[in-house]
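Computation of the quantities below employed the complete heavy-atom set of this structure, encompassing side-chain atoms and omitting hydrogens, waters and symmetry-equivalent molecules. Residue numbers start from 1 in every chain, and the chains themselves are labelled A, B, ... in the order their sequence lines are given, proteins ahead of strands. Predicted model, so just to flag it, every value in this text is computed and none were measured.
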Protein chains: 2
Amino acid sequence: MEKYVQILKKNCLKVTPQRLEILKYLDTHRTHPTADTIYSNLKNNNPSLSKTTVYNTLQHLDEHGLVYTLTISGSESRFDSNINPHHHFLCKICSNIIDIDIECPNVKKVEVGGHRIDEVHGYFKGVCASCLKESNNGED
Amino acid sequence: MEKYVQILKKNCLKVTPQRLEILKYLDTHRTHPTADTIYSNLKNNNPSLSKTTVYNTLQHLDEHGLVYTLTISGSESRFDSNINPHHHFLCKICSNIIDIDIECPNVKKVEVGGHRIDEVHGYFKGVCASCLKESNNGED
DNA sequence: CCTTTAATTTGTAATCATTACAATATGATA
DNA sequence: TATCATATTGTAATGATTACAAATTAAAGG
Ligand SMILES: [Mn+2]
Ligand SMILES: [Mn+2]
Ligand SMILES: [Zn+2]
Ligand SMILES: [Zn+2]
């Protein structure tokens, strides 16, 4: 837990139990959860937690580069505490979001056509390996 | 206009005045408009047009691969009738979405890690050249 | 320890994009 | 021209996110 305290302090963010819990959740659940998923799971052990706090905290963490906000689904934001540059795959069957570790010459770009680049997102959409296998079994 | 009639027929989509107008709008406005922008602009000359029709039509066009739905902004879908594979840049100042014609070895991928890829989206976010110039002028 | 203060948390209400639905209208086909 | 499946329309509902104001609390200093 001390780890998360240091992360907050290093970023001049006030240390609160809520923020520590959210940081820990993101660090230990690399499933790209939604704000609501984080809220629901933490609510059990933190009954007073407010959903607004989850949204506010995620926004702060994003602004300080501590999490990465994914807009791959179009209907809801997904949050990633793996801030190493990497791409993502969204399965249109099971909705899982999977890390794609693929060679990409553009992931570290800081400028293109005179535009200053702050973030790079590589999104792939389709059917994941697991769901492909499922649908093949069904055709036996 | 015959051009759009043919596109619809070729895709087994019933030809309606609303669909023709929406197709034409997308073809002549390569600004990645939102559904609401399309609706507001067409409403002037088509007073009976319903926003639901715009959403329905865009969904049909997307399903038939006639438009590309961008989720770069996170808060609203943007639509692109340029279905040539290309990447996009979102300016966090002016909110414009700009085509990025950049060499990318992953844009034509159909499989990765056993996952079947149907769509590839390359999203860059930052400050566009025009807004960068603006902010430099302000600092004179 | 106390005090102070600015920042955070909380609950609720509001917003905004999108979807559901049912009644009406209309393209396509014969 | 009759038929019918499909499209359009208006309105209501949904769901994620944000706005807001009151209550709470972390951090800093004495
Ligand atoms: Mn990830
Ligand atoms: Mn484009
Ligand atoms: Zn899947
Ligand atoms: Zn700009």
Side-chain angles (χ1 to χ4, degrees), chain A residues 1-2 4-23 25 32-40 42-43 45-64 66-67 69-79 95 97, chain B residues 1-2 4-23 25 32-43 45-64 66-67 69-79 90 95 97:
Chain A
M1 213 54 160
E2 184 57 23
Y4 308 116
V5 174
Q6 291 313 317
I7 292 177
L8 291 175
K9 284 190 172 168
K10 207 167 299 175
N11 285 271
C12 301
L13 287 167
K14 203 175 274 189
V15 178
T16 69
Q18 293 87 347
R19 288 177 175 178
L20 290 174
E21 286 298 323
I22 292 168
L23 262 185
Y25 186 90
H32 314 100
T34 64
D36 192 69
T37 299
I38 298 169
Y39 169 75
S40 300
L42 294 182
K43 186 79 175 172
N45 294 314
N46 310 71
S48 78
L49 181 65
S50 167
K51 196 179 283 188
T52 300
T53 299
V54 176
Y55 276 104
N56 286 340
T57 298
L58 289 169
Q59 192 175 309
H60 280 126
L61 295 178
D62 181 281
E63 286 165 3
H64 287 264
L66 298 173
V67 306
T69 305
L70 308 180
T71 63
I72 190 171
S73 97
S75 64
E76 57 192 6
S77 292
R78 301 281 210 120
F79 299 91
S95 297
I97 293 177
Chain B
M1 213 55 164
E2 185 57 24
Y4 307 117
V5 174
Q6 291 313 316
I7 292 177
L8 290 175
K9 284 190 173 168
K10 208 167 296 175
N11 284 273
C12 301
L13 288 168
K14 202 174 277 189
V15 177
T16 69
Q18 293 86 346
R19 288 175 175 179
L20 291 173
E21 287 298 323
I22 292 168
L23 261 186
Y25 186 90
H32 315 99
T34 64
D36 192 68
T37 298
I38 298 170
Y39 168 74
S40 300
N41 283 283
L42 294 182
K43 187 78 173 171
N45 296 314
N46 311 70
S48 78
L49 181 65
S50 166
K51 196 179 282 187
T52 300
T53 299
V54 176
Y55 275 104
N56 286 340
T57 298
L58 289 170
Q59 193 175 308
H60 280 126
L61 295 178
D62 182 282
E63 285 165 5
H64 288 264
L66 298 174
V67 305
T69 305
L70 309 180
T71 63
I72 190 171
S73 96
S75 63
E76 58 192 5
S77 291
R78 301 282 209 117
F79 298 90
L90 170 66
S95 296
I97 293 177

Tabulate atom names and distances for all N/O pairs under 3.5 angstrom spanning the protein and nucleotides 24-30 of chain D.
from    : atom 1 : to       : atom 2 : distance (Å)
dA26(D) : O3'    : Val15(A) : O      : 3.2
dA27(D) : OP1    : Val15(A) : N      : 2.8

Distances for protein N or O near nucleotides 20-24 of chain C N or O, under 3.5 Å:
from    : atom 1 : to       : atom 2 : distance (Å)
dA20(C) : N6     : Thr52(B) : OG1    : 3.3

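Residues forming a ring pair (Phe, Tyr, Trp, His ring centres under 6.0 Å) with Tyr4(B) (at least two apart in sequence, or on another chain): none. The ring pair (Phe, Tyr, Trp, His ring centres under 6.0 Å) test applied to Tyr55(A) returns no partner, not counting sequence neighbours.
Side-chain contact check for Tyr39(B) versus Ser50(B): every heavy-atom pair is 4.5 Å or farther apart. The closest side-chain heavy-atom distance from Met1(B) to Glu21(B) is below 4.5 Å. In this structure, Asn46(B) and Gln18(B) have side chains that are not in contact, with every pair of non-hydrogen atoms separated by 4.5 Å or more. Contact of the His60(A) side chain with the Thr57(A) side chain is not registered, since no non-hydrogen atoms from C-beta on lie closer than 4.5 Å.
The only option from Leu66(A), Thr34(A), Thr69(A), Ile38(A) that meets the side-chain contact (heavy atoms from CB on, under 4.5 Å) definition with Leu58(A) turns out to be Ile38(A).
Taking side-chain N and O atoms only, Tyr55(A) has a distance below 4.0 Å to OP1 or OP2 of dT17(D). For dT9(D), the OP1/OP2 oxygens have a side-chain nitrogen or oxygen of Gln18(B) closer than 4.0 Å. Between Arg19(B) and dT8(D) there is a side-chain N or O to OP1 or OP2 distance below 4.0 Å.
Protein atom CG of Leu70(A) is 17 Å distant from nucleotide atom P of dA16(D), rounded to whole Å. Remark: C1' of dT8(D) and CG of Leu20(B) are 14 Å apart, rounded to the nearest angstrom. In this structure, OH of Tyr39(B) is placed 14 Å from C1' of dT18(C), rounded to the nearest angstrom. To the nearest angstrom, P of dA17(C) lies 18 Å from CD of Gln59(B). As rounded to whole Å, 7 Å separates atom P of dT8(D) from atom CD1 of Ile22(B). If you measure from atom CD of Glu21(A) to atom C1' of dT9(C), you get 15 Å, rounded to the nearest angstrom. What separates CG of Leu42(A) from P of dT9(C) is a distance of 13 Å, to the nearest Å. dT8(C) atom C1' lies 15 Å from atom CG of Asn46(A), rounded to whole Å.
Contact record, Val54(A) with Ala35(A): CG1-O, 3.6 Å, taken as the closest heavy-atom pair. Heavy-atom minimum distance, His32(B) versus Arg78(B): O-NH1, 2.7 Å. When all heavy atoms are compared, the tightest approach of Leu42(A) to Leu49(A) is CB-CD2, 3.7 Å.
Across all strands, Ser75(A) comes closer than 4.0 Å only to sugar-phosphate atoms, never to a base (heavy-atom distances). As judged by a 4.0 angstrom heavy-atom cut-off over every strand, Ser77(B) is placed among residues touching the sugar-phosphate backbone only.
Of the candidate nucleotides dT18(C), dT17(D), dT19(C), dT18(C) has the atom nearest to the side chain of Glu76(B).
Proximity of a side-chain donor or acceptor of Thr71(B) to a complementary backbone N or O of Gly74(B) within less than 3.5 Å is not detected.
Evaluation of the salt bridge (Lys or Arg N to Asp or Glu O under 4.0 Å) test over residues 48-58 of chain B, restricted to residues two or more places apart or in two chains, returns Asp36(B)-Lys51(B).
Where Ser48(A) and Ala35(B) each meet DNA chain C at their nearest nucleotide, the meeting point lying more 5' is that of Ser48(A). With the nearest nucleotide of DNA chain D identified for both Thr34(A) and Lys51(B), Lys51(B) has the one nearer the 5' end.
Rounded to 10 degrees, the angle between the two end axes of the helix from dC1(C)-dG30(D) to dA30(C)-dT1(D) is 40°, with five pairs used at each end.
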